[in-house]
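All of these numbers come straight from a predicted model, not from anything done at the bench.
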Amino acid sequence: MTRILPGVIAMAAIVVASNILVQHLFGQWLTWGAFTYPFAFLVTDVMNRVYGVTAARKVVFAGFVVGVICSLIGTQIMGEFGPLVTWRIAIGSGAAFLTAQMMDVAIFDRLRRGAWWRAPLASTLVGSSLDTALFFTIAFSTQFVFLEPANDVSWANEVLPLLGVGPQVPLWVSLALADWMVKLSLALIALMPFRAIVTKLSPDVA
């Protein structure tokens with residue numbers, strides 16, 4: 001456990017920071033949390049490359065536990081429009097994190113013997129896409145209203161142009177698309193720190 005402790009701490013820090021920063025808007029379609037959360041995939045991939053699948057899964061599970069705790073705390077804090085975290089958001093966040101991160105671990109392991117960049121890039125792109133799709137659909141789509149009938153998500157389903165310029169879609173679709181584009185951009189940017197960290201920690205597997 002000691003060897004993966006830095007990964008656990010890094011993952012916990014990213015999850016806590018993202019849960020705080022998601023409360024603060026960045027422009028019209030994003031929150032500041034969109035720029036910190038994607039680095040959870042970087043932590044998972046580094047752990048996977050250096051210490052293997054089992055270690056990576058332990059780090060993911062630690063992040064999941066921290067995320068659940070943050071969500072539970074958020075449901076008890078009242079903001080201007082109600083709890084900072086609704087139960088739908090809590091369920092969506094937890095389900096998306098665990099599913100996407102475990103998918104990331106599996107894909108990375110499958111591709112680990114290829115070029116150094118292939119496994120982290122492919123696993124993060126698939127994981128990030130799955131994360132975005134699951135979270136926004138569960139948290140805001142009318143199809144999942146049964147999860148929390150008393151939670152009014154009509155604001156997220158207001159029909160508006162996609163990102164302000166495209167076809168008419170529910171607002172949450174624009175929010176999801178903007179989030180997804182940030183994740184994809186950071187997946188590319190994270191390749192360099194991935195290479196540097198892995199080379200430092202374990203040069204023989206870089």
Side-chain angles (χ1 to χ4, degrees), residues 7 10-49 56-57 59-64 66-67 70-71 85 88-111 116-141 156 162-166 169-198:
M11 181 66 82
I14 290 170
V15 170
V16 171
S18 298
N19 272 272
I20 294 172
L21 293 174
V22 76
Q23 307 297 328
H24 303 281
L25 293 175
F26 177 86
Q28 189 173 357
W29 312 107
L30 295 166
T31 70
W32 282 101
F35 299 96
T36 55
Y37 177 76
F39 287 102
F41 290 97
L42 171 62
V43 174
T44 301
D45 290 346
V46 168
M47 292 295 105
N48 203 340
R49 172 62 76 186
R57 287 175 178 154
V59 171
V60 167
F61 185 71
F64 173 72
V66 172
C70 288
S71 292
V85 178
R88 280 188 65 174
I89 288 177
I91 293 169
S93 178
F97 178 88
L98 192 59
T99 304
Q101 290 289 331
M102 288 303 184
M103 178 65 73
D104 179 282
V105 171
I107 293 174
F108 189 104
D109 187 54
R110 187 71 177 269
L111 301 176
W116 71 267
W117 53 267
R118 190 172 65 170
L121 182 60
S123 62
T124 300
L125 290 179
V126 174
S128 296
S129 300
L130 184 59
D131 182 275
T132 297
L134 284 175
F135 172 73
F136 282 93
T137 302
I138 294 173
F140 302 118
S141 170
L162 181 64
L163 296 178
V165 295
V169 296
L171 170 60
W172 70 265
V173 175
S174 290
L175 301 178
L177 180 59
D179 179 83
W180 181 66
M181 290 190 296
V182 170
K183 284 190 175 83
L184 297 192
S185 299
L186 291 179
L188 294 172
I189 294 172
L191 287 175
M192 290 301 102
F194 170 84
R195 179 69 165 172
I197 294 169
V198 169

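- A donor-acceptor distance shorter than 3.5 angstrom exists from the side chain of Thr44 to the backbone of Ala40, with no hydrogens or angles considered.
- Scanning both residues, Val16 and Cys70, for their nearest heavy atoms gives CG2-SG, 4.0 Å.
- You'll find the side chain of Arg49 reaches within 4.5 Å of the side chain of Phe194, heavy atoms only.
- The CG atom of Leu130 sits 6.0 Å away from atom CE of Met103, with the distance rounded to the nearest 0.5 Å.
- With no hydrogens or angles considered, a side-chain donor-acceptor pair links Asp131 and Tyr37 at under 3.5 Å.
- What you find for Ile107 and Ser123 is that their closest heavy atoms are CG2-CA, 3.7 Å.
- Here the straight-line distance linking atom CE of Met11 with atom CZ of Phe39 works out to 13.0 Å at 0.5 Å rounding.
- Counting heavy atoms from C-beta on, the side chains of Phe41 and Asp104 come closer than 4.5 Å.
- Between Leu186 and Pro38 the shortest heavy-atom distance is CD1-CG, 3.7 Å.
- Here the CH2-CG distance, from Trp116 to Leu121, works out to 9.0 Å after rounding to the nearest 0.5 Å.
- In plain terms, the two heavy atoms of Ala95 and Leu134 that are nearest each other are O-CD1, 4.2 Å.
- Cation-pi geometry between Arg195 and Trp117 is not satisfied (NZ or CZ under 6.0 Å from the ring centre, within 45° of the ring normal).
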Is there a side-chain contact (heavy atoms from CB on, under 4.5 Å) between Val59 and Met47 once you walk through the steps?
CA-CA 8 Å; Val59 171; Met47 292 295 105; 3.7 Å; yes
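- Side-chain contact between Phe97 and Phe135 is absent, with no heavy-atom pair separated by less than 4.5 Å.
- Taking Thr36 as the reference, Ser18 meet the side chain to side chain donor-acceptor pair (under 3.5 Å) condition, with sequence neighbours excluded.
- Around CH2 of Trp180, the count of heavy atoms belonging to other residues, nucleotides or ligands within 6.0 Å does not exceed 12.
- Arg57 places no side-chain N or O within donor-acceptor distance of the main-chain N or O of Met102, the cut-off being under 3.5 Å.
- Each of Asn48, Leu42, Val43 was compared with Val46 under the side chain to side chain contact (heavy atoms under 4.5 Å, CB included) criterion, and only Leu42 meets it.
- Here the straight-line distance linking atom CD of Gln28 with atom CG of Leu171 works out to 8.5 Å at 0.5 Å rounding.
- When ring centroids are compared, Trp172 and Phe136 stay outside the 6.0 Å threshold.
- The number of heavy-atom neighbours closer than 6.0 Å to CZ of Phe35, taken from other residues, nucleotides and ligands shown, is above 12.
- A 4.5 Å side-chain heavy-atom check between Val60 and Leu98 finds at least one atom pair inside the cut-off.
- Taking both residues in full, the closest heavy atoms of Thr124 and Ala187 are given as CG2-CB, 3.6 Å, listed atom of the first, atom of the second, then distance.
- To the nearest 0.5 Å, atoms CG (Asp179) and OG (Ser174) are separated by 12.5 Å.
- For Ala139 against Arg88, the heavy-atom pair with the smallest separation is O-NE, 3.3 Å.
- Among the candidates Leu163, Thr132, Val169, the single residue satisfying the side chain to side chain contact (heavy atoms under 4.5 Å, CB included) test with Leu177 is Leu163.
- Between the CD1 atom in Ile89 and the CG atom in Asn19 there is a gap of 10.5 Å [rounded to 0.5 Å].
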